[in-house]
Amino acid sequence: MYEQLWLPMQQQLGPKNLELLVWLDLVVRGESKTKQTDIYRVQQQRLEPLAGNEEALEKEISELARRAELLGRILDPALEPHDELRRQLRHLARWGGRIHYPIALHLLDLVDAGRAQADEAAKALGYVEGFLVRRMLCQTSTQSLNRLFMSMPGDMEADRPAAEAVQRYLSGRRRGWPTDAEVAAGIRSKPFYWNGQAPQRAYVLERLEESYGSAEPVDFKQAKFTVEHVLPQRPAQAWIDVLAEDSDDGQTPQELHDLLVHTLGNLTLSAENTKLSNHPFQRKQQILEASSLRMNQEIAGTRRWGRREILERADNLAARAVSLWPGPEGEQRADGDEWTGWADLRAALIAMPTGTWTTYGDIAELIGSHPVSVGNFLATKAGVRGAYRVLTAAGRVSASFRWPNDEHGGNPLTLLHAEGVPFDSSGKARSSHRLTAEDLASLLGKEVPEIGTSSSSPDQVAPGSTFDARAARFTELLRANRPDAADAILAFLQSWKALAPGCHLDYGKATETSCFLMLRKESASRAAAIWPFTLYPVFGTVEVVFQYMRSRPPFDDSGLRQEFMSRLNAVPGIELAEAKLELRPSFPLEVLADRSEEIAEIMSWFVQQVVAYEPADKQGQVSF
C-alpha cells in the first residue's frame, strides 16, 4: 500500500496538495463542515474501525490515490485528456483561487465513475465560472461563498444530469447569480477596477479580448499587460472639457468622471502603462491603434471618449460577457430582493469609523449609482445606519435630508459634532475627516491600487536605467508642478536616504510617477518593506500610508501608529483624522517643504522604531 499507492500519490502532489486532497476527500464525502485544521482527527476517526481489515483499508487508500490523480488535473489542467473539460478547467485555473475545487473534484469523480460524460462536466463547470464571474461583475458580496461550494457536492440533486443539477443549485433563491439584465447594469455602473482580485480583473478583460476571435490571439502568459484607464483617474483640463459637454444639469464634470472612471467600459489591457498616462484622447488613440488587442483598436476607432462612448462600449462588453458566462436558470430574480448596490451602501456606512463623513457622490462612485439616487434611497429607506454621515460635496447637511419615517430625530449636525467631526467657522465639515470612495472601498476590503501604479505598493526595482528614468521623471514633475517647493522637498528626500543604510527611495511606474520613502534594504521583499510616505508631485500631496503600515511590524501596533500620527499632527499645516488610522490620509506637499526640518525629526523617530524592532525579527532576515 505504501510503495504502490501512498508514495506515488505523495510524490505527485507534494505535502501541501496532499493535505488539500485529504481535506477535499472529506468534503466530497459530505463532511463539508470539517475545518482544514481538523482533517487529521476526522480522517483518523473515519479510518480507525478499518485498522484490522487490510482489504478495506487498501480500498480506502486506492480511492484516495484515484482522487489524487483527479486533483492533479484540477491543479494542472494540461493533464486532463478531454478537450472541452481541459479548456474549462484552464478557465477556472486562470480565474484563480480554490473555491471551485470541491465541485470540480466531484464532477471529475462522476466522469471517472461513468455517471457523467466529460462534456456534461465541462458544461457544469461553465456554470460555476459564470456564477463567479457574473457576481464579480455585479459586485455581489463573496460572503459565505466558500461554505456554499463546500456544501454543493452533497446538496445538489443527484438524480439530474450534472450540468442541470449545478445550474439549478446555483440558481437557488438568494444565491445571487446575476441575470443578463443585472450584468449589463453592473458593467455600466459598477467600479470594476475595485472588484475582486487583480488577476480576476485581468482574466475578465483577457477573456473579453479572446471573444473577438483574432486570427493571431495574444499569449497573455507571455505578454505583460496591466489594466489601464482610458479616461484617466486624474484627468487634465482637456478631459474635463469633454466631460463638461456630457454632464447633466446640476452635475459637475468631476462628478461625472467619478461615476465613469472605474467602470469596465473605461478599462482596457495595455503593455504601454507609462505611455498612456493622462494624455489627451487623441494621443492615446495613436498608442491604442498600434496595440495587438482588438479591444484597443476598437477604442482607437472612436472620435472622442466621453460618457456616450464609455457607456456604448460597456453595452458591447456586456453583450460579450453574457455570451461568455452563462446565467441562472430561467433568468429570474426573486421578487423583493434588494439591489446589491444598496447592500454595499449599508455596509460602507456601518464600516465608517466614528468621526468621519462622506458625500453622496463618494457613495455613488463606490456602488455605481448617482448622487441623487443615493439621496433618495437614504431619505426613504428606514433602518439605514449612519445616513446622517453623508453630506454634500461642500461638507454640509443636505437641505433635503430627512429622517425616514421619523424613526430618528434631532439635528444631524449635533450627532456629527458628538462623534468628533470638526466643522469650520462657516459650518462646513473639515475635509481631513472626509472618507472618499477609495477610502470606503478599502474599508470594505476591496483592492484599491495606488494612483499611478498598477499595484497597491511600490515595486522593488533594481538600480539601472529604468529606475534612474523614474527618479528623473519624478524630479521633472516636481519642478514643473511645485516650483517653489521643489528644492526643499528634494533636500528632504536626500536627508531621508542619509538616516540609515536601509533608507532609500523608490518610484511608481506611471508617467505621472510617485516617490516612496522606503525602509529596509532594497533587496527586501515587498512584504518585508515598510514606508511612511508616498509623494505625488502632480496632485501635490503626501500620503501617510497607515493602511500598509498596519500589516508591517512594528507599526502593526495601533498605539505606535497613533503616536506617529500625533507627532505629525503637531506640525502646523498637517491635520490627520484619528479615524483614518487604518487608511491613507494626506497633507499638502508644501507643508513638507515649509516644515522639512520638523518632519525630518519625525522620520528619524520612525526609523528608530523599526531599527529597535529588527533584532527581534527572526523571520524577515533583513537588516540595515
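All of these numbers come straight from a predicted model, not from anything done at the bench.
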Taking CD in Q237 as the centre, count heavy atoms belonging to other residues, nucleotides or ligands within less than 6.0 Å. Is the count above 12?
yes
Using modelled atom types only, decide if a donor and an acceptor are shared between the side chain of T356 and the backbone of M352 within a distance under 3.5 Å.
no
Once side-chain hydrogen bond (donor to acceptor under 3.5 Å, both in side chains) is applied, do any residues pair with E206, and if so which ones, sequence neighbours excluded?
R94
For the backbone of Y536 and the side chain of S514, can you confirm whether one donor and one acceptor N or O come within less than 3.5 Å of each other?
no
Could you tell me which residues satisfy salt bridge (Lys or Arg N to Asp or Glu O under 4.0 Å) with D241, sequence neighbours excluded, listed by chain and number?
none
Verdict with reasoning, R346 to V384, per side chain to side chain contact (heavy atoms under 4.5 Å, CB included)
CA-CA 6 Å; R346 295 176 191 273; V384 181; 3.6 Å; yes
Contact summary for W605 and L560, nearest pair of heavy atoms:
CH2-O, 3.9 Å
Could you pull out all residues at least two apart from F587 that satisfy ring-ring contact (aromatic ring centres under 6.0 Å, His included)?
F533
Tell me, please, which residues at least two apart from T359 pass side chain to side chain contact (heavy atoms under 4.5 Å, CB included).
W357, D362, R434
So does A379 get a backbone contact from the side chain of R402, meaning a donor-acceptor N/O pair under 3.5 Å?
no
Taking the six-membered ring of F539, is the NZ or CZ of R234 close enough (under 6.0 Å from the centre) and on axis enough (within 45°)?
yes
Which residues pass the ring-ring contact (aromatic ring centres under 6.0 Å, His included) test with F474, sequence neighbours left out?
Y507
Candidate pair L413 and V421, rule side chain to side chain contact (heavy atoms under 4.5 Å, CB included), full reasoning
CA-CA 9 Å; L413 282 176; V421 176; over 6 Å; no
So how far is it from L391 CG to F423 CZ, rounded to the nearest 0.5 Å?
6.0 Å
Where do L440 and D344 land on the side chain to side chain contact (heavy atoms under 4.5 Å, CB included) test, with the steps shown first?
CA-CA 10 Å; L440 294 170; D344 287 341; over 6 Å; no
Between G355 and H433, what is the shortest heavy-atom contact and its length?
O-CD2, 3.1 Å
Could you check whether any side-chain N or O of N266 sits under 3.5 Å from a backbone N or O of I310, counting only pairs where one atom can act as donor and the other as acceptor?
no
Measure across G540 and E590 and return the closest heavy-atom pair with its distance rounded to 0.1 Å.
O-OE1, 4.3 Å
Using 0.5 Å steps for rounding, measure from the CG atom of L132 to the CG atom of L137.
11.0 Å
Between W239 and P232 (side chain of the first, backbone of the second, donor and acceptor by atom type, cut-off under 3.5 Å), is there such a pair?
no
Under the side chain to side chain contact (heavy atoms under 4.5 Å, CB included) criterion, do F516 and V545 qualify, and how do the steps go?
CA-CA 10 Å; F516 304 90; V545 292; over 6 Å; no
F401 and A387 have their tightest heavy-atom pair at CE1-O, 3.9 Å
Give the minimum heavy-atom separation between R385 and L349, together with the two atoms involved.
O-CB, 3.3 Å
Which salt bridge (charged side-chain N to carboxylate O under 4.0 Å, His left out) pairs, counting each pair once, include a residue from residues 252-266, with sequence neighbours left out?
none
Show the nearest heavy-atom pair for residues L581 and F546, with the distance to one decimal.
O-CB, 3.1 Å
Check: residues 564-574 side-chain donor-acceptor pairs under 3.5 Å, at least two apart:
residue : atom : partner : partner atom : Å
S566    : OG   : Q562    : O            : 3.0
R567    : NE   : E563    : OE2          : 3.3
R567    : NH2  : E563    : OE2          : 3.1
N569    : OD1  : L576    : N            : 2.7
N569    : ND2  : L576    : O            : 2.9

Not counting sequence neighbours, list each pair that qualifies as a salt bridge (charged side-chain N to carboxylate O under 4.0 Å, His left out) and has a residue in residues 410-431.
R389-E419, R430-E575
All ring-ring contact (aromatic ring centres under 6.0 Å, His included) counterparts of H262, not counting sequence neighbours
Y193, W194, H229
Ignoring hydrogens and geometry, is there a side-chain-to-backbone donor-acceptor pair from T513 to G508 under 3.5 Å?
yes
Would you mind checking if D248 and R307 are paired as a salt bridge, meaning a charged N to carboxylate O distance below 4.0 Å?
yes
Under 3.5 Å: donor-acceptor pair, side chain of K497, backbone of L505
no
Considering residues at least two apart in sequence or located in another chain, which fulfil the side chain to side chain contact (heavy atoms under 4.5 Å, CB included) criterion with E601?
none
Main-chain N/O of V538 paired to R482 side chain as donor or acceptor, under 3.5 Å:
yes
Please identify each residue that fulfils ring-ring contact (aromatic ring centres under 6.0 Å, His included) with Y388, with sequence neighbours left out.
none
Using the salt bridge (charged side-chain N to carboxylate O under 4.0 Å, His left out) rule, collect all pairs that involve residues 349-360, keeping only residues at least two apart or in two chains.
none
Between T475 and A471 (side chain of the first, backbone of the second, donor and acceptor by atom type, cut-off under 3.5 Å), is there such a pair?
yes
Does CD belonging to Q251 count more than 12 external heavy atoms closer than 6.0 Å?
yes
Is the shortest side-chain N to carboxylate O distance from R584 to D439 below 4.0 Å?
no
Between the side chains of E543 and T541, does any donor sit under 3.5 Å from an acceptor?
no
